[in-house]
Chemist: 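Have a look at this one before I ask anything.
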Amino acid sequence: MRPDRDTILKLCPREQWGDILKQIGDLRPEGLEDERLMFHVMEALYAADQSQRALDWCNRLVELRQDRPQRLAIALYNRGMCHQDLEKWTEAELDFRRAVELGCERAVLKLSRALGFQRRYREAIDVAQRSGMKPDVAYHEWLGHCYNQLDDFQWSLRHYEEAHRLDPKDPGILASLANAWDLTGGWKNIIDHRQQIEDLLKDQEFYSSWDGYLVLAALSEACHEAGDERRAIRYAEQELEHPEFEGSREVILYNMGIASMNLEKYRKALDYFERALDLEHPLARERITECLDELGDASA
């Protein structure tokens, strides 16, 4: 079955991807020469999360454009996007690198990301910084992530702060920034933004996400540093129950015990320390003795 070219060209501007897919059916790109038609078919397949099929059409476009550098760069970029969605990072790197060499500026950050997903963060940073691209929100957020993965938290913080300055309403950036503050001793900044962060946590999708977990952990630590032990305990309890929890449960329980002792809530502290001891925290037994002594004095 041959698709109706005119119909497809009319449907594409309206993003009626499903109707385009009905037009092409099981059609394969081999032997086709109409690049405009093939591009729109590839676009529809990609929009419909059919990246493997879209890749076949990209391959055909790359074949046809070998002698036209600018058009080839676009085809390589699109093929790199398909490889990226399929998590074929080596193939994505090769496509984006060739696209950059042919002058496709929007492929620069994609190349950097492809390197990053191969844990080649130094190369990823170098590609982005040497490109001459305008440092926008995506640039700073990505470099913040790369530096974080390299445990270079000060540079990570600088980029997240700049990303937040450029887009102060982005919840993911604020979560990353709160984590960066937490890692660099910037607990006062977290306290200053506490209400904004709490507003984000009201969204259940955000609360249940990895970003939600990060900000809960950062809030708990910041409140503890600020001497606001009640809030520190409340955030820590939420942290322990969070679906993305990855921390050391015994450490958090121990810290909750310390916070409870500071509030002179010794019975509650005892419960936290006993739970920490069950998880083999090395200092919990000593704290249990202190709590029992305080409770004994109170009952005397």
Chemist: Is the CD atom of Q70 crowded by more than 12 outside heavy atoms at less than 6.0 Å?
Modeler: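 Count not over threshold, so no.
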
Chemist: Using the ring centroid of each side chain, check whether Y147 and F153 are separated by less than 6.0 Å.
Modeler: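 Centroid distance Y147-F153: not below 6.0 Å, so no.
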
Chemist: Would you sort out whether V215 and N179 count as a side chain to side chain contact (heavy atoms under 4.5 Å, CB included), showing the intermediate values?
Modeler: CA-CA 7 Å; V215 297; N179 184 53; over 6 Å; no

Chemist: Mind checking the CG-CG spacing from D152 to L183? Nearest 0.5 Å is all I need.
Modeler: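 With rounding to 0.5 Å, CG (D152) is 11.5 Å from CG (L183).
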
Chemist: Please confirm whether R158 makes a cation-pi placement over W155, using NZ or CZ under 6.0 Å from the six-membered ring centre and within 45° of the ring normal.
Modeler: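 Positive - R158 is close enough to the ring of W155 and near enough to its axis.
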
Chemist: Has the side chain of E221 got a donor or acceptor atom that lies under 3.5 Å from a matching backbone atom of A217?
Modeler: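 Looks like no, no N/O pair under 3.5 Å.
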
Chemist: Can you name the nearest heavy-atom pair linking A107 to A99, along with the distance?
Modeler: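 Result for this residue pair: CB-CB, 3.9 Å.
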
Chemist: Can you hop from L174 to L157 via hydrophobic side chains spaced under 4.5 Å?
Modeler: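 Result: yes, single cluster for both.
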
Chemist: Is Y46 reachable from I74 through a run of hydrophobic residues whose side-chain heavy atoms are each under 4.5 Å from the next?
Modeler: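 I74 does not cluster with Y46.
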
Chemist: Please name the pair of heavy atoms, one in H242 and one in S208, separated by the smallest distance, quoted to 0.1 Å.
Modeler: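 Looking at all heavy atoms of both residues, the closest pair is CE1-O, 3.5 Å.
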
Chemist: Say whether L214 and I252 are linked into one hydrophobic cluster, either directly or through other cluster members, by side-chain heavy-atom distances under 4.5 angstrom.
Modeler: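 Same hydrophobic cluster.
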
Chemist: Could you measure the distance from the CZ atom of F273 to the CG atom of L253? Nearest 0.5 Å is fine.
Modeler: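 Reported value, rounded in 0.5 Å steps: 10.0 Å.
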
Chemist: Provide the closest heavy-atom pair for A218 versus A178 in the form atom of the first, atom of the second, distance.
Modeler: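 Closest heavy-atom pair between A218 and A178: CB-O, 3.8 Å.
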
Chemist: Quick one: does any side-chain atom of R79 pair with a main-chain N or O of C58 as donor and acceptor, under 3.5 Å?
Modeler: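 Flag not set: sc R79 to bb C58 has no pair under 3.5 Å.
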
Chemist: Determine the interplanar angle of the F117 and W142 rings, folded into 0 to 90°, and report it as parallel if under 30°, tilted if 30 to 60°, perpendicular if over 60°.
Modeler: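 Geometry flag for W142 against F117: parallel rings.
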
Chemist: Any Lys/Arg nitrogen of R60 or E30 sitting under 4.0 Å from an Asp/Glu carboxylate oxygen of the other?
Modeler: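 Answer for the salt bridge query: no.
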
Chemist: Assigning hydrophobic clusters by single linkage (Ile, Leu, Val, Met, Phe, Trp, Tyr; side-chain heavy-atom cutoff under 4.5 Å), is L263 placed with M261?
Modeler: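 In one cluster with L263: M261, no.
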
Chemist: Nearest 0.5 Å, what's the CG-OG distance between N255 and S220?
Modeler: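 Between N255 CG and S220 OG, I get 7.5 Å after rounding to 0.5 Å.
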
Chemist: I want to check something: taking the side chain as every heavy atom from C-beta on, are D34 and M38 in contact at a cut-off of under 4.5 Å?
Modeler: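 D34 vs M38: side chains apart.
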
Chemist: I need the D95 CG to C104 SG distance, nearest 0.5 Å.
Modeler: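 That separation rounds to 11.0 Å.
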
Chemist: Answer with yes or no after comparing the ring centroid distance for W181 and H193 against a 6.0 Å cut-off, counting only values under it.
Modeler: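 When the ring centroids of W181 and H193 are compared, they turn out to be within the sub-6.0 Å range.
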
Chemist: What's the shortest heavy-atom distance between Q196 and P168, and which atoms?
Modeler: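 Closest pair (atom of Q196, atom of P168, distance): NE2-O, 3.2 Å.
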
Chemist: For the side chain of H224 and the backbone of I233, is there at least one donor-acceptor N/O pair under 3.5 Å apart?
Modeler: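 Judged by distance alone, no pair lies under 3.5 Å.
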
Chemist: Can you name the nearest heavy-atom pair linking R194 to C223, along with the distance?
Modeler: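 So the two residues come closest at CD-SG, 4.5 Å.
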
Chemist: If we ignore hydrogens and angles and just use 3.5 Å, is the side chain of Q66 paired with the main-chain N or O of V62 as donor and acceptor?
Modeler: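 Looks like yes, one N/O pair under 3.5 Å.
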
Chemist: What's the verdict on side chain to side chain contact (heavy atoms under 4.5 Å, CB included) for L150 and I125, showing C-alpha distance, side-chain angles and the deciding distance?
Modeler: CA-CA 11 Å; L150 292 169; I125 292 168; 3.7 Å; yes

Chemist: Answer yes or no: is there a donor N or O on one side and an acceptor on the other, between the side chain of S260 and the main chain of M256, under 3.5 Å?
Modeler: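 Side chain of S260 to backbone of M256: a pair is present.
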
Chemist: Go through the side-chain N and O atoms of Y160 and N148 and say whether any donor and acceptor fall under 3.5 Å apart.
Modeler: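 Result is no, nothing qualifies.
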
Chemist: Which one of Q84, R98, K110, R120 satisfies the side chain to side chain donor-acceptor pair (under 3.5 Å) criterion with E93?
Modeler: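 With E93 as partner, Q84, R98, K110, R120 yield a single side chain to side chain donor-acceptor pair (under 3.5 Å), made by R120.
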
Chemist: I'd like to know if R285 and E280 make a salt bridge, using a cut-off of under 4.0 Å between side-chain N and carboxylate O.
Modeler: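 Salt bridge flag = no for E280 with R285.
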
Chemist: May I ask you to check if R249 and F245 form a cation-pi contact, with NZ or CZ under 6.0 angstrom from the six-membered ring centre and within 45° of the axis?
Modeler: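 Relative to the ring axis of F245, which defines the angle, R249 lies inside both limits.
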
Chemist: Establish, from distance only, whether the side-chain atoms of H159 and E141 form a donor-acceptor pair under 3.5 Å.
Modeler: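 Distance-only check fails for H159 and E141.
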
Chemist: Look at the side-chain heavy atoms of Ile, Leu, Val, Met, Phe, Trp and Tyr, link any pair under 4.5 Å apart, and say whether L279 and L270 land in one connected group.
Modeler: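 No; L270 is not reachable from L279 via cluster members.
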
Chemist: Which atom pair, heavy atoms only, marks the closest approach of E229 to A259?
Modeler: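 Looking at all heavy atoms of both residues, the shortest contact is OE1-CB, 3.3 Å.
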
Chemist: For R267, does the CZ atom sit with more than 12 other heavy atoms under 6.0 Å from it, leaving out its own atoms?
Modeler: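 No, not enclosed.
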
Chemist: Any Lys/Arg nitrogen of E35 or R68 sitting under 4.0 Å from an Asp/Glu carboxylate oxygen of the other?
Modeler: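 Between R68 and E35 there is a salt bridge, with a charged N closer than 4.0 Å to a carboxylate O.
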
Chemist: Is it the case that R287 places NZ or CZ above or below the six-membered ring of Y254, under 6.0 angstrom from the centre and within 45 degrees of the axis?
Modeler: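 No, R287 does not lie over the aromatic ring of Y254.
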
Chemist: Rounded to the nearest 0.5 Å, how far apart are CD1 of I191 and CG of L219?
Modeler: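 Those atoms lie 7.0 Å apart.
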
Chemist: Apply side chain to side chain contact (heavy atoms under 4.5 Å, CB included) to the pair R119 and Q149, showing each step before the final yes or no.
Modeler: CA-CA 9 Å; R119 307 192 69 79; Q149 293 299 310; 4.1 Å; yes

Chemist: Assess the side chains of E205 and S209: does a donor N or O sit below 3.5 Å from an acceptor N or O?
Modeler: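 The criterion, which ignores hydrogens and geometry beyond distance, is not satisfied for S209 and E205.
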
Chemist: Would you mind checking if R234 and E237 are paired as a salt bridge, meaning a charged N to carboxylate O distance below 4.0 Å?
Modeler: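 Not counted as a salt bridge, because no side-chain N and carboxylate O are separated by less than 4.0 Å.
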
Chemist: Under 4.0 Å between a side-chain nitrogen and a carboxylate oxygen: does that hold for D271 and R275?
Modeler: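 Salt bridge: yes.
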
Chemist: Does the ring centre of H83 sit less than 6.0 Å away from the ring centre of F96?
Modeler: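 F96 vs H83: aromatic centres not under 6.0 Å.
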
Chemist: Could D56 and R53 be called an ion pair, given the rule that one side-chain N must be under 4.0 Å from one carboxylate O?
Modeler: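 Between R53 and D56 there is no salt bridge, as every charged N stays at least 4.0 Å from the carboxylate O atoms.
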
Chemist: Does atom CD of E63 have more than 12 heavy-atom neighbours from other groups under 6.0 Å away?
Modeler: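 Yes, CD of E63 has more than 12 neighbouring heavy atoms, counting only those of other groups under 6.0 Å.
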
Chemist: To the nearest 0.5 Å, how far apart are CD in E225 and CH2 in W187?
Modeler: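 Going from the CD atom of E225 to the CH2 atom of W187 covers 6.5 Å.
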
Chemist: Under the side chain to side chain contact (heavy atoms under 4.5 Å, CB included) rule, what do Y77 and M81 come out as? Steps first, then yes or no, please.
Modeler: CA-CA 6 Å; Y77 175 87; M81 292 296 291; 3.8 Å; yes

